[in-house]
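Remember, predicted model here, so these are calculated numbers, not experimental data.
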Amino acid sequence: MSSFERLGVFYLGREYDPATQQLGAELLYDSRDLTTHAICIGMTGSGKTGLCVSLLEEAAIDGVPAIAIDPKGDIANLLLTFPELRPADFRPWVDDGEAARKGKSADEFAVATAETWRKGLAEWGQDGARIQRLRDAAEVAIYTPGSEAGRPLSVLRSFDAPAADTLADATALKERIGSSVAGLLALLGIEADPIKSREHILLSAILDAAWRKGESPDLAGVIRAVQKPPFDTIGVFDLESFYPAKDRTELALRINGLLAAPGFEAWLAGDPLDVQKLLYTSDGKPRISIISIAHLNDAERMFVVTLIANEVVAWMRRQPGTTSLRALFYMDEVFGFFPPSAMPPSKLPLLTLMKQARAFGIGVVLATQNPVDLDYKGLGNAGTWFIGRLQTERDKARVIEGLLGSEASGGLDKAGIEALMSNLTQRTFLMRNVHDDAPVLFRTRWAMSYLRGPLTLAEIRRVTARDPGTAGAAAARPVTAPAAAAPASSGSRPVVQHGVVERFIAAGGAKPPHYQPRVGTRVRTHYVDAKAGLDLWQTTHYLAPVGGSGPDWAQAEALAEPGPQLTDEPVAGATFDDVPAAALSARDQKRWAAALEDHVYRSVALALPSCPALKLTATAGMSEGEFRSRVALAVREKRDAAVEALRKKYAARLGTLEDRERRALQKVEKEKTQASDKSLSTALSVGGSLLGALFGGGRRGSAISKASAAARRVSSASKERADVAHAEADVEAIRDQLEALNAELETEVARLESELDPAAIAIETASVKPRKADIAVDDMALVWVP
Ligand SMILES: Nc1ncnc2c1ncn2[C@@H]1O[C@H](COP(=O)(O)OP(=O)(O)O)[C@@H](O)[C@H]1O
Ligand SMILES: [Mg+2]
């Protein structure tokens, strides 16, 4: 089991031959194929959730995090993983009713269930150790927006202004505003056309105005803005005639109704909806974040799904591109959220994900039991189709039509798919992967998680209490001006000499401030470390207290960009502290600048998490956890590239050997016919070897012929039998070479593993001194601090 896990392939099950009802080679799915997204369709009970839970398990083992939206409660089963597989582990989760129906006590039923799971896993080559590996690889958490049963998720704080890059991108901003508003309107139960509806247009204009000002209104702020918008025209229309104040009050009241509704605080409490934090712990460990929405009504579900999909889109756009699988976005039972002709608010961000997520390594996986309610056009570029048992002819016809109209249709014909689909039973799926040569029928492997069916809110509460989460990040420390020193003597504003620039730090408070003098300046520093892949310019603002001989840089306050808010004029009525004469003259400023350059060079260093092995260094402001997730991705990219190289390297050699094997087998057959010996011999199954894993799934078709299955064995003695023996010896020799090839690959994979073990890759703190020649001090001023 463990050898293919190093290759980044997902073990989803075994190939299945409907004619013989036999299981064949392991179905190994290349994780990178998921970046072109997958869709899983099948009737209730066909095993979709089992398959997708296994997919999430495989991803987690490979360090790929996921956000899973769970409309039914089944995905929560990912929290029921018991490495020791003891009856006591299962006991709290078995269904008493089901036990009774089986004529068992709950205790007896727990024993039976534990045994079923142990046996089921063993049949599929898995055990408790693999469950432990899964548990060690990722943290699993359930969020219950609008309820405190699981971890609460503060969804309504998300009228937060988007990041600068989204603000600067007109399309991205429009999309983001559009779907935030659509989500809110959905929550209010207002069905609104984005182009015609007044509500939509007004709320969009309000968010647009707020965000452009860098404001992040909460719901109360939105209510105020509805009543008193910060503009008086909308497009070419006068606000009052477009949406009179009286009607706006009605909308405001409706939003207020949300706020006032009992239990509403639950929507505001909890972890902020932050995709990075949903995907990684603060120290960079991958997470599976399940967003459970089973307890919500339709409008609320629509709101949550829209919001989360939007946040994923926004987060995705901030990530650098990759060809490896970075994260999964999974939705179980997407019914109603991605329909063919209607345009519910959830559809836009889901479409955006389907179209754009690939470049960012985000795999979207959607499951549904209702093939008629799917926008196949939007799914057109889904690369993998998992088709399970379907109930009606209409459903089958719809799926086939959808598949044939998609990018994955290459080489498929209707009759062929129909024939394959007619053989589907529970847990058998037809997989069409655009990266493979041909579709494959397979049976899903046993899920490691205990699939006991939907968890209720009460059960989610229980399972969450058992696995308390890690606390959130520390709050940012606000920058404050230094406390006032000695009181002023005269209090009047001193007169500065020609050449001295004066600036004032903006003052809050009702009373006019008392200003303290500082020498302020801006320093540009350049940090370069070729080994760490670092080349960073940084601007820092210094505010130094001044004494008789000038500013004391060692005591200066250093502020990151954009620095303090400065004005050209003091607050009227302010008083001023004494200032040493030196600060009122520009005479010594050059000397002070030189002293600061010296100070910065000697005592300022940039401390950044870095990974020398991969020549990666965190960018300024990146948390260590975030950096670790980048490192993990970089490792995955390297591994994927190495696997691709191995494939290239071995494909030709394997192909040649297989050709020879086939010819040798034909010869054996011919000799045997002459010897009239029909006994069968066992063939080496390349499918079970590491080579098979390397060419996993349908890629095997090209590299590995299936002719070997026809091999025959010698029995008695004669001239013909001697020929047979000869031919068989040839086959044996070729198989030895195949095995040697496999062993060689094993060594390469082991080396790859030791080089690319994310756990073994050291993360250090790089302390980088600024380049002396590049330190630049400018804009020196006498700065008054209130
Ligand atoms: N991979 C699997 N391993 C173990 N049991 C499974 C697996 N897939 C399905 N089952 C069993 O079959 C039942 C129905 O499958 P499920 O995946 O929930 O179907 P669907 O999601 O298509 O409605 C599950 O509750 C579970 O008991
Ligand atoms: Mg299901």
Considering all heavy atoms of both residues, which atom of [X] and which atom of [Y] are nearest to each other, and what is their separation?
X: V304; Y: P145; value: CG1-CG, 3.9 Å
X: F429; Y: K48; value: CZ-N, 3.7 Å
X: A60; Y: A138; value: CB-CB, 3.8 Å
X: D33; Y: T384; value: O-OG1, 4.4 Å
X: S610; Y: T617; value: CB-OG1, 3.8 Å
X: R287; Y: Y143; value: NH1-OH, 2.9 Å

### Message
Walk me through whether R130 and Y11 qualify under side chain to side chain contact (heavy atoms under 4.5 Å, CB included).
### Response
CA-CA 12 Å; R130 192 162 196 248; Y11 171 40; 4.1 Å; yes
### Message
Run the side chain to side chain contact (heavy atoms under 4.5 Å, CB included) test on Y450 and V94 for me, step by step, so that the C-alpha distance in whole Å, both residues' side-chain angles and the decisive distance to 0.1 Å come before the verdict.
### Response
CA-CA 10 Å; Y450 169 36; V94 296; 3.6 Å; yes
Pairing of [X] and [Y] as salt bridge, 4.0 angstrom limit:
X: R452; Y: E98; result: no
X: K638; Y: E755; result: no
X: E311; Y: R176; result: yes

Main-chain N/O of [Y] paired to [X] side chain as donor or acceptor, under 3.5 Å:
X: S346; Y: F337; value: yes
X: R427; Y: T444; value: yes
X: R432; Y: A408; value: yes
X: R135; Y: T81; value: yes
X: W117; Y: A447; value: yes
X: Q426; Y: G45; value: yes
X: R628; Y: K285; value: no
X: E459; Y: T456; value: yes
X: R443; Y: Y16; value: no
X: E57; Y: S449; value: yes

#### Entry: Steps toward side chain to side chain contact (heavy atoms under 4.5 Å, CB included) verdict (L455, L80)
CA-CA 10 Å; L455 295 196; L80 308 182; 4.3 Å; yes
### Task
Could you check whether the rings of F82 and F90 sit parallel, tilted or perpendicular, using 30° and 60° as the cut-offs?
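Geometry flag for F90 against F82: perpendicular rings.
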When rounded to the nearest 0.5 angstrom, what is the spacing between [atom1] in [X] and [atom2] in [Y]?
X: T35; Y: H37; atom1: OG1; atom2: NE2; answer: 7.5 Å
X: I290; Y: I67; atom1: CD1; atom2: CD1; answer: 11.5 Å
X: E139; Y: S289; atom1: CD; atom2: OG; answer: 7.5 Å
X: Q126; Y: S54; atom1: CD; atom2: OG; answer: 7.5 Å
X: T44; Y: N370; atom1: OG1; atom2: CG; answer: 9.5 Å
X: L56; Y: N77; atom1: CG; atom2: CG; answer: 12.0 Å

Less than 4.5 Å apart, any side-chain heavy atom of [X] and any of [Y]?
X: R461; Y: L457; value: no
X: P71; Y: F335; value: no
X: L608; Y: F627; value: no
X: I761; Y: C611; value: yes
X: R630; Y: Q319; value: yes
X: V305; Y: I291; value: no
X: L441; Y: T428; value: no
X: M43; Y: Q369; value: no

### Task
Verify salt bridge (Lys or Arg N to Asp or Glu O under 4.0 Å) between R445 and E58, making sure each step is shown before the conclusion.
CA-CA 11 Å; R445 71 156 170 77; E58 294 293 321; 2.8 Å; yes
#### Entry: Steps toward side chain to side chain contact (heavy atoms under 4.5 Å, CB included) verdict (E626, Y280)
CA-CA 8 Å; E626 207 169 330; Y280 298 97; over 6 Å; no
Does a donor on one side chain sit under 3.5 Å from an acceptor on the other, for [X] and [Y]?
X: D136; Y: Q132; answer: yes
X: R636; Y: S324; answer: no
X: T36; Y: R358; answer: no

### Task
With R462 as the cation and W93 as the aromatic partner, state whether NZ or CZ is under 6.0 Å from the six-membered ring centre and within 45° of the axis.
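Yes, R462 and W93 form such a contact.
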### Message
Run the salt bridge (charged side-chain N to carboxylate O under 4.0 Å, His left out) test against R639 and tell me which residues pass, sequence neighbours left out.
### Response
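Only D62 meet the salt bridge (charged side-chain N to carboxylate O under 4.0 Å, His left out) criterion with R639.
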